[in-house]
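Along the sequence shown, the residues carry numbers beginning at 1. All values below come from the heavy atoms of this structure, side chains included, with hydrogens, waters and symmetry mates left out. Not measured: the values here are computed from a predicted model.
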Amino acid sequence: MTPLLVFDGECGFCTRTLGWLRLADRRRRIETAPYQRSGVPERLGISREECAASVQWRGADGARAEGAEAINAALAVALGTTWPERLYRRTSGIQRRGYRWVAEHRHRLPGVTPWCTRYPHDCV
């Protein structure tokens, strides 16, 4: 199973951050999808509301994560190293609080043209 990162395709900051992840994922190990794409939340077995609240991850082993933990899991796979996950285990409280703040303010943070604006056919 290919690891999957589900993001908010209507968020310019999220789209910018996805661009950085894709640069790090040189071997294309991760599939990415906006939660607005038909069937994506159902693939994870969660609601659109859960996807809207935070980034979602499903690893190759089927393990799920959200928020800061999901970002660290995606970075670990993209970079081919366990250091992001090790760092998360040591700083999870700080990272979760930081992620929550970013998630709540993401539409006010600098970004790029949101994915769903750029690729409307991908968000149906």
Side-chain angles (χ1 to χ4, degrees):
M1 175 182 319
T2 302
L4 172 64
L5 183 75
V6 177
F7 66 98
D8 181 354
E10 294 177 351
C11 168
F13 178 79
C14 303
T15 302
R16 172 178 274 175
T17 305
L18 174 70
W20 295 334
L21 177 66
R22 290 177 128 193
L23 285 174
D25 187 19
R26 291 188 180 112
R27 295 191 178 163
R28 301 293 177 237
R29 297 175 174 145
I30 300 170
E31 177 187 354
T32 60
Y35 80 80
Q36 292 86 352
R37 182 186 299 162
S38 179
V40 168
E42 293 80 8
R43 281 177 64 188
L44 295 176
I46 60 175
S47 69
R48 292 179 70 81
E49 291 76 20
E50 288 173 289
C51 290
S54 63
V55 66
Q56 303 289 322
W57 171 258
R58 185 201 60 213
D61 60 357
R64 286 202 37 250
E66 63 181 15
E69 185 179 8
I71 297 296
N72 282 281
L75 279 172
V77 171
L79 297 172
T81 181
T82 61
W83 72 259
E85 293 169 311
R86 290 194 322 255
L87 178 64
Y88 178 74
R89 282 193 294 274
R90 293 176 186 227
T91 62
S92 61
I94 293 168
Q95 286 195 40
R96 281 194 306 264
R97 285 190 299 278
Y99 179 86
R100 184 56 34 216
W101 186 90
V102 168
E104 290 171 0
H105 297 88
R106 69 185 183 259
H107 293 290
R108 290 187 245 158
L109 297 173
V112 296
T113 303
W115 186 270
C116 290
T117 300
R118 251 190 224 169
Y119 309 103
H121 63 280
D122 197 30
C123 297
V124 182

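- To the nearest 0.5 angstrom, Glu104 atom CD is 11.5 Å from Leu109 atom CG.
- For the atom pair OG1 of Thr81 and CG of Leu75, the computed distance is 10.5 Å after rounding to the nearest 0.5 Å.
- Of all heavy-atom pairs spanning Cys14 and Arg106, the tightest one is SG-CD, 3.5 Å.
- Hydrophobic clustering, with ILVMFWY side chains joined whenever heavy atoms are under 4.5 angstrom apart, groups Ile30 together with Ile71.
- Hydrophobic cluster membership of Ile94, counting Ile, Leu, Val, Met, Phe, Trp and Tyr whose side-chain heavy atoms lie under 4.5 Å apart directly or via other members: none, as it forms a cluster of its own.
- Atom CZ of Arg96 and atom OG1 of Thr91 lie 9.5 Å apart (nearest 0.5 Å).
- When all heavy atoms of Pro120 and Thr117 are compared, the pair lying nearest together is CD-O, 3.5 Å.
- Note that CG of Asn72 is 8.0 Å distant from CH2 of Trp83, once rounded to the nearest 0.5 Å.
- Closest approach of Val77 to Pro3, counting heavy atoms only: CG1-CG, 4.2 Å.
- With sequence neighbours excluded, the residues forming a ring pair (Phe, Tyr, Trp, His ring centres under 6.0 Å) with His105 are Trp101, listed by chain and number.
- In this view, Arg43 and Glu31 satisfy the salt bridge (charged side-chain N to carboxylate O under 4.0 Å, His left out) rule, not counting sequence neighbours.
- When the shell of 6.0 Å around CZ of Arg90 is examined, it contains 12 or fewer heavy atoms from other residues, nucleotides or ligands.
- Side-chain contact check for Leu87 versus Gln95: some heavy-atom pair is nearer than 4.5 Å.
- The minimum heavy-atom distance linking Asp25 with Arg29 is given by the pair OD1-N, 2.8 Å.
- Closest approach of Glu85 to Ala73, counting heavy atoms only: OE2-CA, 3.9 Å.
- Rounded to the nearest 0.5 angstrom, Arg108 CZ and Cys11 SG are separated by 12.0 Å.
- A search for ring pair (Phe, Tyr, Trp, His ring centres under 6.0 Å) contacts involving Phe7 returns Trp115, not counting sequence neighbours.
- In the hydrophobic cluster analysis, where Ile, Leu, Val, Met, Phe, Trp and Tyr join through side-chain heavy atoms closer than 4.5 angstrom, Leu4 is grouped together with Ile46.
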Only distances under 3.5 Å count here; give the side-chain donor-acceptor pairs of residues 51-58 to other protein atoms, sequence neighbours excluded, each with its distance to 0.1 Å.
unit_1	atom_1	unit_2	atom_2	d
Ser54	OG	Gln56	NE2	3.3
Gln56	OE1	Arg64	NH2	3.1
Gln56	NE2	Glu50	O	3.2
Gln56	NE2	Ser54	O	3.1
Gln56	NE2	Glu66	OE1	3.4
Arg58	NH2	Thr2	O	3.1

Ignoring hydrogens and angles, write down the donor-acceptor pairs under 3.5 Å from the side chains of residues 34-41, residues two or more places apart or on other chains.
unit_1	atom_1	unit_2	atom_2	d
Gln36	OE1	Gly9	N	2.9
Gln36	NE2	Asp8	OD1	2.8
Arg37	NE	Asp122	OD1	2.7
Arg37	NH2	Asp122	OD1	2.8
Arg37	NH2	Asp122	OD2	2.8

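- Distance check, rounded to the nearest 0.5 Å: CG of Leu21 to OG1 of Thr32 gives 7.5 Å.
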